[in-house]
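Below: one structure, written as structure tokens.
Every chain is numbered from 1, with letters handed out A, B, ... down the list of sequences.
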Amino acid sequence: MAEIRNYTLNFGPQHPAAHGVLRLILELDGEVIERADPHIGLLHRGTEKLIESKPYNQSIGYMDRLDYVSMMCNEHAYVMAIEKMLNLDVPERAKYIRVMFDEITRILNHLMWLGTHGLDVGAMSIFLYAFRERERLIDCYEAVSGSRMHATYYRPGGVYRDLPDKMPKYLKSKLRSNKDLDKMNQDRQGSLLDFIDNFTKTFPSSIKQYDDLLTNNRIWKQRLVNIGIVSANRAKQLGFTGAMLRGSGVAWDLRKNQPYSVYDKLEFDIPVGVTGDCYDRYLVRMEEMRQSNRIIKQCVDWLRSNPGPVMSSNLKVSPPNRGDMKGDMESLIHHFKLFTEGYCLPEGEVYSAIEHPKGEFGIYLISDGANKPYRVKIRAPGFPHLASMDEMSRGHMLSDVVTIIGTQDIVFGEIDR
Amino acid sequence: MFDKLIKIFKDFTLSELLLGMSVTAKELVNTKITVQFPEERTPISPRFRGIHALRRYPNGEERCIACKLCEAVCPANAITIESEMRDDGTRRTTQYDIDLFKCIYCGFCEEACPVDAIVETQIFDYAFESREGSVLTKERLLEIGDENKKLIDKTKLEDSKYR
């Protein structure tokens, strides 16, 4: 009789379900996974090393490119680390703007996850619906920062610019009648806050659509229920954070447990799962979107009634405004100093973590007193999640690996850094 | 018992699948959000960071004074500047190159420029036919600035109160 051997399969790095550049080496017994071995590093850009060679402010842009579906959250962790080191006061309005955009980012991330997770598992239409809403949120990104993805909007000491009081509108074209155009521009008549407010009103009905499409769908359930179960205890041991941990039933959320920015003034709930399978994590993330929507609404209300500065007035860290810079010698000197040398952080080390859509995203920064960090370590939430791939997929079928990659919400920008 | 009956009824009537299909059916007749790109465009914010341009003063003199702040602040080292004293005693650039392959469109150059010379425009649909085309020279940058003067002036004015 011929010897029966396990079959080794290369999954990725060009597989569309591998979410970028994941290379999985799967050892199969028939269609059952015996061992899953993730190989990483195909998207390594040396971000941590790169940051060491640049003044602090210049690395903000590189933070966007870590987890490239939740851009502003990455920036938030980084600027918070610098603010902690400098003991810098951030204006209240800037904090609210940051929290609002953190939550917009959370929805962006979860919509991206929902769309691609659905696509991986075979639900094709959800992708388009998720991207329809993403488009509106990305317009918010563009309206404040000028960029649809890589915002570079947060700065140590606040945010770069205040929210605009006008939204850009669709322009006339041969293809649309004026009536259609008016309809398309309907929610763009007011300020950005009106636009976001409008979004928070319509978003629950969009979530209901996703709910109708997937939550009770028998095919969706067959693919997700009881796949990739992680017990609460094991999840903690594996270093899970975010929805992966909460899906297993541990109510741990940095926004509640170690409130940063203004999260302690806002009202929201932390959803937790029961069994810790892929379906629970799906439900947790869906509920997180609803809660984010609630937070955004509260931020919009606060921001409407509280105008004020959005940047710290400490000219050693934040640039003077353009008018001052052009008329006042001292401001001009500050401007030149800031854009050439930057600023120095006191000697020491700091760790700042935020509740990123994927989990705990942390920046550990050591300064030797120069205008560049001595060393930066980025704690990417996706890394421990991916490390558990072997444990989560063992004993499941080949097609379940795709579900598990989807539920882990892997993005390689942050894992490979 | 009653719950179980309901569940069996729902399972047999494919209720949740029909609910899902009703969503797609409704979307079938809904207005489309697709925008036919070259003919019509999505709204672009005045803060948009597209291709760069160098601006001029109203008298036609170029604004850039070769202070090299943009070169210093550029995180990707995409800007190269050489400067020279002109006969009239002013300092101007002899070379101002932006390598678009390196540029990460962070907008720091615009933020740093003390004379509002280098700006990022709303133009995002550009192409070049050779690798050399990716380097925007000073002439090309000024050309983009001249061609789109109206657009640049309008968007920068709109956003000036926030800066």
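- To the nearest 0.5 Å, the span separating CG on L19(B) from CG on N217(A) amounts to 9.5 Å.
- At a threshold of 4.5 Å between non-hydrogen side-chain atoms, the residues L69(B) and T340(A) count as touching.
- For T155(B), no part lies under 4.5 angstrom from a heavy atom of chain A.
- Interface residue F336(A): backbone and side-chain heavy atoms are both found under 4.5 Å from chain B.
- For a residue to count as touching a neighbouring chain, one of its non-hydrogen atoms must lie under 4.5 Å from one of that chain's; by this rule K183(A) touches chain B with the side chain only.
- The shortest side-chain heavy-atom distance between M325(A) and P114(B) falls under the 4.5 Å cut-off.
- For the options K169(A), K172(A), M184(A), K174(A), heavy-atom pairs under 4.5 Å to chain B are most numerous at K169(A).
- Crowding of K156(B) atom NZ: a count of heavy atoms from other residues, nucleotides or ligands under 6.0 Å exceeding 12.
- At a 4.5 Å heavy-atom cutoff, the contact between T31(B) and chain A is made by side-chain atoms alone.
- At a threshold of 4.5 Å between non-hydrogen side-chain atoms, the residues R47(B) and V144(A) count as touching.
- With a 4.5 angstrom heavy-atom cutoff, E158(B) touches chain A only via side-chain atoms.
- Across every non-hydrogen atom of R218(A) and K10(B), the tightest pair is NH2-O, 3.9 Å.
- Summarising the local packing, CD of E147(B) is surrounded by more than 12 heavy atoms from other residues, nucleotides or ligands at distances under 6.0 Å.
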Check against side-chain contact (heavy atoms from CB on, under 4.5 Å), I44(B) and E142(A): CA-CA 8 Å; I44(B) 303 171; E142(A) 190 192 319; 3.7 Å; yes
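- Interface residue N57(A): only backbone heavy atoms are found under 4.5 Å from chain B.
- Salt-bridge formation is detected for the pair R176(A)/E40(B): a Lys NZ or Arg NE/NH1/NH2 atom is positioned less than 4.0 Å from an Asp or Glu carboxylate oxygen.
- Within the 4.5 Å cutoff, side-chain heavy atoms of V23(B) are placed close to those of Y129(A).
- Proximity to chain A is limited to the backbone of C74(B), based on heavy atoms less than 4.5 angstrom apart.
- The 12-atom threshold is exceeded at CZ of R86(B), counting heavy atoms of other residues, nucleotides or ligands nearer than 6.0 Å.
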- request: For side-chain contact (heavy atoms from CB on, under 4.5 Å), just list the numbers for R41(B) and L171(A), CA-CA rounded to whole Å, side-chain angles, deciding distance to a tenth of an Å, and then say yes or no.
  value: CA-CA 7 Å; R41(B) 283 157 183 265; L171(A) 298 175; over 6 Å; no
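- Side chains of P75(B) and Y62(A) form a contact here, defined as non-hydrogen atoms less than 4.5 Å apart.
- A salt bridge links E27(B) and R132(A); the closest N-O separation between the charged side-chain nitrogens and carboxylate oxygens is under 4.0 Å.
- Summarising the geometry, atom OH belonging to Y162(B) is positioned 13.5 Å from atom OH belonging to Y160(A); distances are rounded to the nearest 0.5 Å.
- When each of T215(A), L213(A), I219(A) is checked for heavy-atom pairs under 4.5 Å with chain B, L213(A) comes out on top.
- For P164(A), the parts lying near chain B are the backbone and the side chain together; criterion is any non-hydrogen pair under 4.5 Å.
- Considering CD1 of I126(A) and OG1 of T24(B), their distance stands at 11.0 Å, rounded to 0.5 Å.
- Checking side-chain atoms of H335(A) against main-chain N and O of A112(B) turns up a donor-acceptor pair under 3.5 Å.
- Note that the OG1 atom of T42(B) and the CG atom of D139(A) stand 7.0 Å from one another [nearest 0.5 Å].
- Here OG of S145(A) is found 10.0 Å from CZ of F48(B). Values are rounded to the nearest 0.5 Å.
- When heavy atoms are compared at a cutoff of 4.5 Å, R136(A) does not approach chain B at all.
- Classification of D162(A) and K161(B) as a salt-bridged pair fails, no side-chain N sitting under 4.0 Å from a carboxylate O.
- For I33(B), the part lying under 4.5 angstrom from a heavy atom of chain A is the side chain only.
- Only the backbone of A151(A) comes within less than 4.5 Å of a heavy atom in chain B; its side chain stays farther off.
- No part of V310(A) comes within reach of chain B, as not one of its non-hydrogen atoms sits under 4.5 angstrom from that chain.
- Using a 4.5 Å cut-off between heavy atoms, D116(B) contacts chain A through both its backbone and its side chain.
- With a threshold of 4.5 angstrom between heavy atoms, K54(A) approaches chain B through side-chain atoms but not through N, CA, C or O.
- Looking at L163(A), the atoms closer than 4.5 Å to chain B (heavy atoms on both sides) all sit in the backbone: N, CA, C or O.
- Interatomic distance, NE2 of H150(A) versus SG of C106(B), reported as 12.0 Å (0.5 Å rounding).
- The backbone N or O of I104(B) sits less than 3.5 Å from a side-chain atom of R65(A), completing a donor-acceptor pair.
- Within a 6.0 Å radius of CZ in F101(B), other residues, nucleotides and ligands contribute more than 12 heavy atoms.
- Ranked by heavy-atom pairs under 4.5 Å with chain A, the list Q36(B), E111(B), E39(B) is led by E111(B).
- Around the CZ atom of F9(B), the shell of radius 6.0 Å holds no more than 12 heavy atoms that belong to other residues, nucleotides or ligands.
- In this structure, the portions of R49(B) lying under 4.5 Å from any heavy atom of chain A include both its backbone and its side chain.
- Across P43(B), G20(B), S45(B), the residue that shares the most heavy-atom pairs under 4.5 angstrom with chain A is P43(B).
- For D87(B), the CG atom sits in a loose shell: 12 or fewer heavy atoms of surrounding residues, nucleotides or ligands are nearer than 6.0 Å.
- Considering only heavy atoms from C-beta on, V115(B) stays 4.5 Å or farther from K326(A) through its side chain.
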